[in-house]
Number of protein chains: 2
Amino acid sequence: MVVDFSELKLNEESPIYMQIVRFVKIKMVNRQVRDGDELPSRRVLSAVLEVNPNTIQKAYRLMEEEGILVSFAGSKSLLQFNESLVDKYRKELLTVEAEKYIEEVKKMGLTAEEAVALVRENW
Amino acid sequence: MVVDFSELKLNEESPIYMQIVRFVKIKMVNRQVRDGDELPSRRVLSAVLEVNPNTIQKAYRLMEEEGILVSFAGSKSLLQFNESLVDKYRKELLTVEAEKYIEEVKKMGLTAEEAVALVRENW
DNA sequence: ACAACCGTATTATAGCAATAATACAGTTAC
DNA sequence: GTAACTGTATTATTGCTATAATACGGTTGT
């Protein structure tokens, strides 16, 4: 019911508020959250992740603007999404990662098969 | 002789000074520069890339600290490296990209073969 | 030797992410 | 109904990246 954030390990490669949004989208894609599930309160999550409440608020605000979160003053914050949105996020997230990988290895002159082999080697 | 930076397209995903260092390393890996080749002066490169001279200085300083650049007051800035360093950079750069890709697609539950297929699809 | 370059250094300013400390009004649970 | 929570908002401060404007002394080419 209440989404678990204990597996979220923050890094310094991107803003924290974006990592939080991404974490939720990946949970959607993995069917680890369902439509109507509840997010922890801003204060609770800020304590769990040991980041400032304002940073959490920024993440939640972003999700509201994307239309996957609804919250009311004094009330719970609930996820809101349908299957077609999950499909869209899944495709988006995977394509972005593949394109990033491909772009970088192309810079170093790899062929498609070398890029594929490199994935297998490092898996 | 003088390293060409015209192909370097800056983005906002990482600090500019780091993108410059990475660009040089990739040129090393691709044999597009040789030991002893010259980098443009700080002022010239700052004009070419349209960034502040201090940003270029930060990049060059970093390369000096990594031991691939030597520069003297009033004189040219020269690349300095051997084959084993190229091999090291090649391996480092490729492994980092593969690991990043693998880590992300694993988060979304892909198998190795699905990850491989995704690379082929987007190539 | 002198002008035009070089590398190097310093100080100030701006924007963004994040922190810190509050404050206020709405809701929920007992 | 009251206490303990909620979302929301504001102001100040810090650190990092980048810009801006200089300044100084070394090297190079003519």
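Predicted model, so just to flag it, every value in this text is computed and none were measured. For the numbers below, each heavy atom of this structure counts, side chains included, while hydrogens, waters and symmetry mates do not. All chains are named by letter (A, B, ...) in the order of the sequence lines, taking the proteins before the strands, and each is independently numbered beginning at 1.
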Enquirer: For DNA chain D, which residues of residues 1-18 of chain A approach it to below 4.0 angstrom with any heavy atom?
Expert: none

Enquirer: Enter the distance from B:D35:CG to B:M28:CE here, rounded to the nearest 0.5 Å.
Expert: 9.0 Å

Enquirer: Below the 4.0 Å mark, does D:dT28 have OP1 or OP2 next to a side-chain nitrogen or oxygen of B:S75?
Expert: yes

Enquirer: Using the test side-chain contact (heavy atoms from CB on, under 4.5 Å), find all partners of B:K107 that sit at least two apart in sequence or belong to another chain.
Expert: A:R22, A:I26, B:E103, B:E104

Enquirer: Got more than 12 heavy atoms from elsewhere within 6.0 Å of NZ, B:K106?
Expert: yes

Enquirer: Can I get a per-line list of side-chain donor-acceptor pairs under 3.5 Å for residues 44-52 of chain B, giving both atom names and the distance, sequence neighbours left out?
Expert:
from, atom 1, to, atom 2, distance (Å)
B:S46, OG, B:R43, O, 3.2
B:N52, OD1, B:N54, N, 2.9

Enquirer: Between A:E83 and A:R90, is the closest basic N to carboxylate O distance under 4.0 Å?
Expert: no

Enquirer: Please list, in 5' to 3' order, the outermost nucleotides of DNA chain C lying under 4.0 Å from any heavy atom of chain A.
Expert: C:dA17 to C:dT28

Enquirer: Should the heavy atoms of other residues, nucleotides or ligands under 6.0 Å from NZ of A:K76 be counted, would the total exceed 12?
Expert: no

Enquirer: At a heavy-atom distance below 4.0 Å, what parts of residues 48-72 of chain A sit against DNA chain D?
Expert: A:N54, A:Q57, A:E64, A:S71, A:F72

Enquirer: Could you tabulate the donor-acceptor pairs under 3.5 Å formed by side-chain atoms of residues 8-16 of chain A, not counting sequence neighbours?
Expert:
from, atom 1, to, atom 2, distance (Å)
A:N11, OD1, A:E13, N, 2.9
A:N11, OD1, A:Q19, NE2, 3.3

Enquirer: Is it the case that the side chain of B:Y101 and the backbone of B:A115 share a donor-acceptor pair, with hydrogens and angles ignored and the cut-off at 3.5 Å?
Expert: yes

Enquirer: So that I can tick it off, tell me whether A:E64 and A:R61 are bridged by a salt bridge, with the cut-off set at under 4.0 angstrom between side-chain N and carboxylate O.
Expert: no

